[in-house]
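Have a look at the structure below before the remarks.
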Amino acid sequence: MKMTRGERIFSVFNIIFMCVLNFIMLAPMLYVLTLSIMPEHIISQHNHELLLPIPKYITLESYRYIFAGNSQLIHAYSVTAFLVIVGTAINIVFTMLMAYPLSKTDLKGRTAVMLYVFITMLIGGGLIPTYLVVKATGLIDSLWALIIPNLISPWYMIIMRNFFAALPQELLEAAMMDGAGEFTILWRIVVPLSIPVIATMSLFYGVGYWNNFFGVLIYINSPSKWTLQPFLRQVLIEASPRLLQESGALQEMLKAPPPMEQVKMATIMAATVPILVIYPFVQKYFVKGVMIGSVKG
Amino acid sequence: MAQKMLSRRSFLKAAGLSGAGAILASCARTATPTPELKPTQATDKVTVAPTVPPTAAPKAPDEIRVMLGQFAGATVTEQVSYIEGLICERLNIKFKKAIVPGDVRIEKRNVMMAGGELDYAFGAGLPDYYDLISRGQLLDLTDLLPAKAPNYWPYVDDTMKKYIAYKGRVYGLIGPAVPLKFGEPPRADKPSTWVRTAMRKDWLEKLGLQPPKNIDEFFDVAKAFYDQDPGGVGKDNIIPIVACNGFVWNNLDFAFGAYGVQYNTWYLDEADQTVKSYDVHPGMKDALAWLQKAYAANLIDKDFITQKEPQMLDKIKNGYVGVFSSHYYPQWIGGGAIFHEMEQLQLIKEGSLKEGDKFTPDTDNPPTYWTYLEPPTGPNGDSGYPGSMGYSGVWPGCIPRNAKNVDAVLKLWDFLATEEGYLLLNYGVKDKDYVMTEDKGPQPGPAVGDKDFATYRQEIGCSQVPQGWNGFGSTYPGFAQKYEWATSAYSTERAATKYGVPAGKFGTVLIYDMALQWARPKYVNFTGNQGLSAPSAGQLSARLAATRDEYCAKIVTGAFALDKFDEFVARWQADGGDTLVNEYTEAYKAKLSE
């Protein structure tokens, strides 16, 4: 269909506007990338105002440094990966196990349980009581302290419950007529039909673990169990490349590490890119899952 | 079918309830004993010292739970250093460490104290320390110390009590921050500072100028730098006086000091015994007038309000800057880390050093391009920098009221207050790590080999118990002057002789010299030094600081006329400044009456 003149003008402005918007979004990332791969004296000569790299000066020294053999960054990566993979899987299982029964209108006590869940959304335990509970359960300085107290997010559980409730009941009844039990129905019927919401919730939980910062500071006492975010923050604030190497590796430290500004920027890229890469893969589920959660009461 | 329905209902109920249970998992679970701490990873350096016999062999070590902050320049780990291992072995104790980023240590400390998870804590400055006491969170040590730490107790003299006693009771321990002169003990009545001002030596020589003595000469020299561009960097690049982050980074303290004031600093007006702020002192207006004049003449960095430290340091490294006045950090090592970075960059630019090649700075000699200045004097003869008093810069160490292992902490404190404890902490094992000499104090022992003694001691964890923290070690002034400073003085004298450089003009000695000469008692923040707190400070301070920063920035950059300073004073007083003056004065009087 041929566009009118007004529509064409609108489209042109729209495209320009979106390009500018995209550039604004991408500029900080580009800036960080550039600083991470350019030598310090070049950055310095440009008074830290270099947005795009100059190809002939590109160096990957800072990346080689942060991913060196005994790098603390890799260790923080592995801790974070454990939390994201194991924590998210457990979160999803428990959230489903609670959401599924509560999606049944004929479940006795359903309203009371929902009210109880809802109250936890309004009133939190507070930092000190929560800390005392985690301490009493022996979870201080354990990675499980970051998983178990947040096993089920009430908000995500309600979204999932609404999604389950919207599934065609006839399908579930047909399965029941064929002799399927509740576990079979949940696993063979509900889960395959709920991929969008499961993918979305997994993303939410996963990003939550990836970005977890405060919980790590409060419940974890050993730097060897620090996740990526506290580690990243420490590198940026302390401005010391020494943090990237195991303590005691004095000889390594004396090998003239790359300039700290480069190392810091490389660390930011290393901490940001992996989680960004996940988004495109779950995008098709993400929109659907969020929409369902947001428009159904 | 009915059976199926029953089974279905049971499943749903069970699943729903299990989910609800999971949400409250942490609340519903019965308390389980805290799992035993995993043994800390010992380095291969940890060995049992043959000369230090263990005490009660079969008894399990007493555990001291401490929290360590990860600060710039120190990598704190869970590892047990050689020295920590020796002391733990000697006293049959062990540390359970919680390690957190340094800047969130207060929050974590408060949470851990509330949870009864600490046996040893720290106060973040005297106001915080007094606050902990007033909330009843600290153990009263007044009666415990003489009984359980008899070696330490004599150090709690009247001077120390002046700072740490609260209503006549002792709740914590502190030590000196910086010794004021080689071979002399620190003094609570003299301030120390880390601020110093450096000027381009090669530029002065090229223009045939002498280092300025007063603030007018200072202006003239900076103007000569700008007008004549001795470095040949071009009018667009040359920055006679550099600064960043506005006024709070110590870069312009020399100018405030010359006019008898310091930015963001409280003082005691001796005349009427009132605690006042220099921010609204008449001298502040004079200092701003000088800065305004200098800014208008292009002598002060145009970006000084907005730029951050990295940008400022870049300008120094590139050779654009004539005067750099700063606190210790950028000039940390020897003659100055940033100055050595500049030397490195200049070599790269000249092509005599390749990017990535190792550069070894000469830390035994003054920096190539820079010379340090006496702080310039003002029209009334004032000069100098802010600083801290001998005892005020240290966080008091204290024991939480709900600590479990009080005796173990006191045992450690007491041991480190003995000569044996001091030497073990700071030098290791006699005749192995060090040998004692009559005239030069402890000298390298056979285990040191070819290494530098200071490097060796750093590697084995000297002065830090537990590893990564000198909280316990720095608490004891008793033997420091007898051994540590004597050793340093000897080393410096040796270096000075070797290189023909006057002792006291570079490196560590310079810091001590400055501490003695350039800090002024009147510029030490009175409220912090005295541990005074004002109930309204939390509510008012940020707003008053924002008003001050805005007015001062606009006056210096010419956006406001100088007369606007009077408007600022009136606004500051009305917006709560007078309230703080009254509250701090009341707090001071209350302290005097104690």
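In this text, all values refer to a predicted model and were calculated from it rather than measured experimentally. Chain identifiers are assigned alphabetically (A, B, ...) following the order of the sequence lines, protein sequences preceding nucleic acid strands; residue numbering begins at 1 within each chain.
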**Request:** Carefully, step by step, assess A:Leu146 and A:Asn150 under the rule side-chain contact (heavy atoms from CB on, under 4.5 Å).
**Result:** CA-CA 7 Å; A:Leu146 306 174; A:Asn150 304 304; 5.9 Å; no
**Prompt:** Side chain, backbone, both or neither: which part of A:Leu132 has a non-hydrogen atom closer than 4.5 Å to chain B?
**Reply:** side chain
**Asked** chain B heavy atoms under 4.5 Å from A:Ile185: which part of the residue, side chain, backbone, both or neither?
**Response** neither
**Message:** Students often mix this up, so state it plainly: with edges at 30° and 60°, are the rings of A:Tyr219 and A:Tyr131 parallel, tilted or perpendicular?
**Reply:** parallel
**Prompt:** For B:Val104, is it the side chain, the backbone, both or neither that has a heavy atom under 4.5 Å from a heavy atom of chain A?
**Reply:** side chain
**Message:** If I measure from the heavy atoms of chain B, does A:Ile128 come under 4.5 Å with its side chain, its backbone, both, or neither?
**Reply:** side chain
**Prompt:** Are A:Glu182 and A:Lys104 close enough for a salt bridge, meaning some N to O gap below 4.0 Å?
**Reply:** no
**Asked** Does one side chain, of B:Lys96 or A:Asn221, offer a donor that lies under 3.5 Å from an acceptor on the other?
**Response** no
